[in-house]
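Here the structure comes first, spelled out in structure tokens, and everything after it is commentary.
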Amino acid sequence: MRVQVKSGRYDKAAEELKVAIAFQSEEESLQKLYPNSIASFPLQQLAKSAHVSGALNEAVFLPVGKQWFLVVGLGKVKDLTLDRLRQIAGTAAKAARGRGFQSIAFPLIEDSKLGAASAVAQALAEGALLSLYQYTQLKTLSREEQSKKITAITLIGERASELSSARQAADKAQVIAEAVCLARDYITAPSNIVTPTFLASEARRIAREQKFKCTTIPFAKLKELGFGGIVGVAQGSAHPAQFIVLEYAAKKPKAKVALCGKGITFDTGGINIKSAANKIELMKYDMSGAAAVLATLQAAAKLKLPFHLIGIIAATENMPSGSAQKPSDVLRTLSGKTVEVLNTDAEGRLVLSDCLHYAKRFKPDATIDIATLTGAATVALGSQAIGLMSNDDALAARITESGDATRERVWRLPLWEEYGGAYIKSDIADLKNISGTTEAGTITAGKFLEQFVGDMKWAHLDIAATAWSEKDKPYIPKGAAGIGVRLLVELLCNWK
Ligand code: BES
Ligand code: ZN
Ligand code: ZN
């Protein structure tokens, strides 16, 4: 679906449903409607009689003559942000679809706090497109369900001068939303569909379509080449692992950036098996990092971002079996460092150690890994923030900024020396893969990864707590969030 940007009088727009934005007064009752062209309408009066309050994400359908309006609350004027626009666009689009409307219009709201019309257009388009995501491939839909579909979204601006930049921004939003939804598809689809082989073939498809390079290294070859971290995790599985390397290079790149993704297509825990009590069935989402890397490369290529990007994905299951690694096994990683595997469920750091070491050969300006790495991330930050760890302050600051802008917020955790040492050193090997304490599990995992980055500028994003949403949010449906894609694309777009 294409998001259109048009100019003209809002009250005359022909879409089946027009969104009116309601602001709330300090007393928490309706203050005013936006845009002004409809504020003088009977709509204002109707909204008052319907007790519309303008509270954030309140949504009320109101007819005026033959026109249908959806009055959506944005809260108080002083609280206006781009994220609130994403939210109300999502709330409105879903409500419209639920009522069977097919075309919906939004006003391109102007306010100095929001910045340029392009930022507003991007936020509205992203919010609407992301909210409409549904994973329907595996179920039979009723006729009614099939017919409920938004087919046209239009943003209407009154100032013609800014429309071309708004149009570009809406197109960009579309590419980004498509990428996020692709990641959500990969994450939502169960592990009997999304196998390492499937991820490798998707990587090749994306690379072919966007005309960039992709190489995949299958399990047998990984064994030969000494990818001991991945092999240790993969050796218990009937589905052969795949090491996936994507390489997109623009003509005049600003920088070379490596993105490493954890692609555990199902994490049973291995011999240290998880239980129903700790929601083993959710562990299909343990490849959310890999999904974010694939989707970010697709978006970056479509947007022709001026970068040399390298996507590095370790795709494998973590299974118990007769051939699985056992707690106490020692493996030799690609870097040559040996690791005592004291818990087979701490497998993410094992596969990522090989990805990070592999990244070094590209001599990247920055390397970012993204992974559903630790349950402890939920303890530390809850589902409100991605755990960020980095050896470079400037990189960490830029990621933090992009997190704020996209509302895929990150919070930096320290990598102080004291979190290394005994927490990660083994008695019989160079490292051990668990600390054996309940302290700072997210950080000690980060410290483990740090052993494999050498002198690269590096940041680690632990998305374990944010990749799967336990509840429906305005533009993140319950389930796979597709987190990381908007954050990484924004980081690249605002690279300094
Ligand atoms: N994939 C999990 C982390 C995870 C847990 C992601 C919950 C999303 C939700 C990871 O491989 C894991 O099992 N980590 C262990 C590490 C522990 C054994 C040191 C954990 O967090 O319990
Ligand atoms: Zn695990
Ligand atoms: Zn895992």
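Numbering of ligands and ligand atoms starts at 1, following listing order. It should be emphasised that the depicted structure is a prediction, and the values quoted were computed from it without experimental measurement.
A donor-acceptor pair shorter than 3.5 Å can be found between the side chains of Asp462 and Thr374.
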Identify every side-chain donor-acceptor pair in residues 379-391 under 3.5 Å, counting partners at least two apart or on other chains, and give the distances.
| from | atom 1 | to | atom 2 | distance (Å) |
| --- | --- | --- | --- | --- |
| Ser390 | OG | Asp392 | N | 3.0 |
| Ser390 | OG | Asp392 | O | 3.2 |
| Ser390 | OG | Trp458 | O | 2.7 |
| Asn391 | OD1 | Trp458 | N | 2.8 |
| Asn391 | ND2 | Met456 | O | 2.9 |

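Figure legend: cation-pi geometry between Lys447 and Tyr423 absent, as NZ or CZ is not positioned both under 6.0 Å from the six-membered ring centre and within 45° of its axis.
One finds a salt bridge joining Glu347 and Lys262 here, because a Lys/Arg side-chain nitrogen approaches an Asp/Glu carboxylate oxygen to under 4.0 Å. Ion pairing between Arg486 and Glu490 fails under the 4.0 Å rule for side-chain N and carboxylate O. Salt-bridge check for Lys76 with Asp79: failed, with every basic side-chain N at 4.0 Å or more from each acidic carboxylate O.
Pocket lining of ligand 1, defined as residues with a non-hydrogen atom under 4.0 Å away: Lys262, Asp267, Lys274, Met283, Tyr285, Asp286, Asn343, Asp345, Glu347, Arg349, Thr372, Leu373, Thr374, Gly375, Ile434, Ala464.
Neighbouring protein atoms of the Zn ion (ligand 2) (N, O or S, distance under 2.8 Å, waters ignored): Asp267 OD2, Asp345 O, Asp345 OD1, Glu347 OE1.
Using a 4.5 Å heavy-atom cutoff, the side chains of Glu340 and Leu431 are not in contact.
Here Phe243 pairs with Phe227, Tyr358 under the ring-ring contact (aromatic ring centres under 6.0 Å, His included) rule; sequence neighbours left out.
Looking at Thr344, Asp286, Asp267, Thr265 one by one, the single match for side-chain hydrogen bond (donor to acceptor under 3.5 Å, both in side chains) with Asn318 turns out to be Asp267.
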